[in-house]
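Keep in mind it's a predicted model, so treat the numbers as computed, not measured. Residue numbers start from 1 in every chain, and the chains themselves are labelled A, B, ... in the order their sequence lines are given, proteins ahead of strands.
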2 protein chains.
Amino acid sequence: MTDTAPRPTLEAVAARAGVSRATVSRVVNGGDGVRDVLVERVRKAVEELGYVPNQAARSLVTRRHDAVAVVVAEPETRVFADPFFALQLRGISKELTAHDNQMVLLLTEGRDDHARVGRYLAGGHVDGALVFSLHLDDPLPELIQRAGVPTVFGGRPGWRGDRRGVVYVDSDNRGGARDAVRHLAGLGRTRIAHITGALDQTSAVDRLDGYRDVMVDADPRLIAEADFTPAGGERAMRELLEHCPDVDAVFAANDLTASGALRVLRESGRRVPEDVAVIGFDDMLPLAEQADPPLTTVRQDIEEMGRLMARLLLRSLDRGTPHGDGAQGVGGTPSSVVLPTTLVRRASA
Amino acid sequence: MTDTAPRPTLEAVAARAGVSRATVSRVVNGGDGVRDVLVERVRKAVEELGYVPNQAARSLVTRRHDAVAVVVAEPETRVFADPFFALQLRGISKELTAHDNQMVLLLTEGRDDHARVGRYLAGGHVDGALVFSLHLDDPLPELIQRAGVPTVFGGRPGWRGDRRGVVYVDSDNRGGARDAVRHLAGLGRTRIAHITGALDQTSAVDRLDGYRDVMVDADPRLIAEADFTPAGGERAMRELLEHCPDVDAVFAANDLTASGALRVLRESGRRVPEDVAVIGFDDMLPLAEQADPPLTTVRQDIEEMGRLMARLLLRSLDRGTPHGDGAQGVGGTPSSVVLPTTLVRRASA
DNA sequence: GAGGCGCACGAGAGCGCTCTCACCACGCGG
DNA sequence: CCGCGTGGTGAGAGCGCTCTCGTGCGCCTC
């Protein structure tokens, strides 16, 4: 099993095909400007020798790696327990694969890891980085900026540093939240509560802001803080029921939280949606669909966000399009994108 | 933001420190056999110039990358929806990080992807590979073997090829299943059903075998095939209720499946565990704990499996231990490991 | 038929690093 | 006093690839 078989080099292929290294290189990289006869001969030699180019050598001269880092800055177990990341990763993976780029996953937990990530990015192993789930006090963006690696963020980074050139992909969290709350109001609900997400993330803050946009003079007791988890949702819901037993609607910061809230409402003997209408956020399947009752929620296309992040990054690396040097992009920094959300009506509101 | 700043090279550092490239290299790689004065001078120069070694150049000569590929051969959405992978990945990530190795994630969906993965591994981008979730007909192991990359599999590969040198980490699926079924029998249950996992994976087959070990002459109608998903569990449970309304216990191939079964049992008006006892597999938290009723299940330490996979791989690359050339390993191929399982009693059985 | 042009290919110079080996200056024993 | 080891350093040869240039040849043009 252990290799030992010394990989054939370009040189070897050249010798076998009776051409120069340069020609083999040309063939391997597309074969433009080489006569068909030679192309064929080289191909054959490559085949016979089982030649595979040595990436390290190639990168050394091209200064490209065809790899991007995906940095997930989630300190908790949540990282994957939350399907959110999974979906984004899938989107990213698909897009990168389609452009023959590899994905280097960097999971960080804790401060030392940040330094490690910074070093890695600065080390020039990858052509760019996709960064997720930033928290307000996160030192990562600065490290990355210093590393000088083209980067696209997932979610608007809530970060006070130099914003120039910062590119991100986000959902219209605030607009989606407004839609949700308006929908609840449209149902005639008046005591509309909000269970927030982790407020050190901009998505949670934005959704809260959207709630406030509609509920201008909301009873502050109608806002309960949670953290995007089912357990947090339960806790917050209990709190709400205690302080405001007359609550008749809940807009939860995400579906996970909503599912926790549903459980508590059920326990308390309240009917959903008759007594309390509930709306989530994400439209996380199958969670939302199979909730009891099925959850009305604000959908965001998470996989598409991932795909878009990758696409923006690749474009800024000048490889998004077959040959992106035509007119528009010219490898210029693309700008951030905010994706729309849609309200999905099910039984819970 | 866009780089442009040409990275300083070893040469530059050497010039600034007034030493040779070789000396700088020595310092950068540990600094053995260099006088402290020079070490200090070089360190200073590195600092001032912000020098970071070029990995491509280094790999070119050392033939090491300090990176391993993690191949997830799951064609379906399950890849991450199932916390199983998430946990393994965490374990892997931790272990790799601890040894300064990077993780290159390769998600495959479909046949073409296999070729891609094969090419990638053969390309010598990584020092080794960790491969998951193989299905019986999967061409991947063979491709990998041919690529000559040291590999550790997650779960026993069910594969008819050359088994020599195949290293894997697995749980004692069969033993765990036996424990579960024996437990049910110990409760006095006699009509014990089994809902299988996806039978193209060895873990599902092994659990079925464990079930059969105990239920030697089981009514074949007590075995319903599913696929490790909640939806599959529901389907299988409905089937079981139809064919064997007298079923009084169910051993499901994993917790996800069990949760589906629980739902159907509840719908059918049966009480768990009074009418039907249920046992799952995995002890996936919080799913198992928060199920209604909390799920009795067979625990396997998934994160540890991941960690172990990484450790075995690193050891076979001769970097597991500070200097693994002591007595035992000597970089020799380590052997496979099968981890024990434990039955966790909760309310459902 | 001579000159020019362009196309296909080869020669060779690096990319930034590691590593072997030769070298030099000591200090020591014979 | 000479030779020999020894530990610290530098010179230089690659690692396997890409890419620029230069060269030779066929073809077109006049």
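- Of all heavy-atom pairs between B:P8 and B:L49, the closest is CG-O, 3.3 Å.
- Axis angle, first five pairs versus last five pairs of the helix from C:dG1-D:dC30 to C:dG30-D:dC1: 50°, rounded to 10°.
- Salt bridge annotation for A:K44-A:E40: absent, with no cationic side-chain nitrogen under 4.0 angstrom from a carboxylate oxygen.
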Readout for nucleotides 7-18 of chain C: B = base within 4.0 Å of protein heavy atom, S = sugar-phosphate only, - = neither; 5' to 3' it is -SBBBBB-BBBB
Which donor-acceptor pairs under 3.5 Å do the side chains of residues 116-123 of chain A make with protein atoms, sequence neighbours left out?
residue : atom : partner : partner atom : Å
A:R116  : NH1  : A:D113  : OD1          : 3.1
A:R116  : NH1  : A:D113  : OD2          : 3.4

Begin from the C-alpha positions of B:E47 and B:R43 and carry the test side-chain contact (heavy atoms from CB on, under 4.5 Å) through to its verdict.
CA-CA 6 Å; B:E47 187 71 27; B:R43 289 253 161 82; over 6 Å; no
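- Here the options are A:N101, A:L130, A:V68, A:L87, the test is side-chain contact (heavy atoms from CB on, under 4.5 Å), and the partner is A:I92; only A:L130 passes.
- A salt bridge links B:E303 to B:R307: one of the charged nitrogens lies within less than 4.0 Å of a carboxylate oxygen.
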A:L10 vs A:S25, side-chain contact (heavy atoms from CB on, under 4.5 Å): CA-CA, chis, key distance, verdict:
CA-CA 7 Å; A:L10 244 205; A:S25 177; 4.0 Å; yes
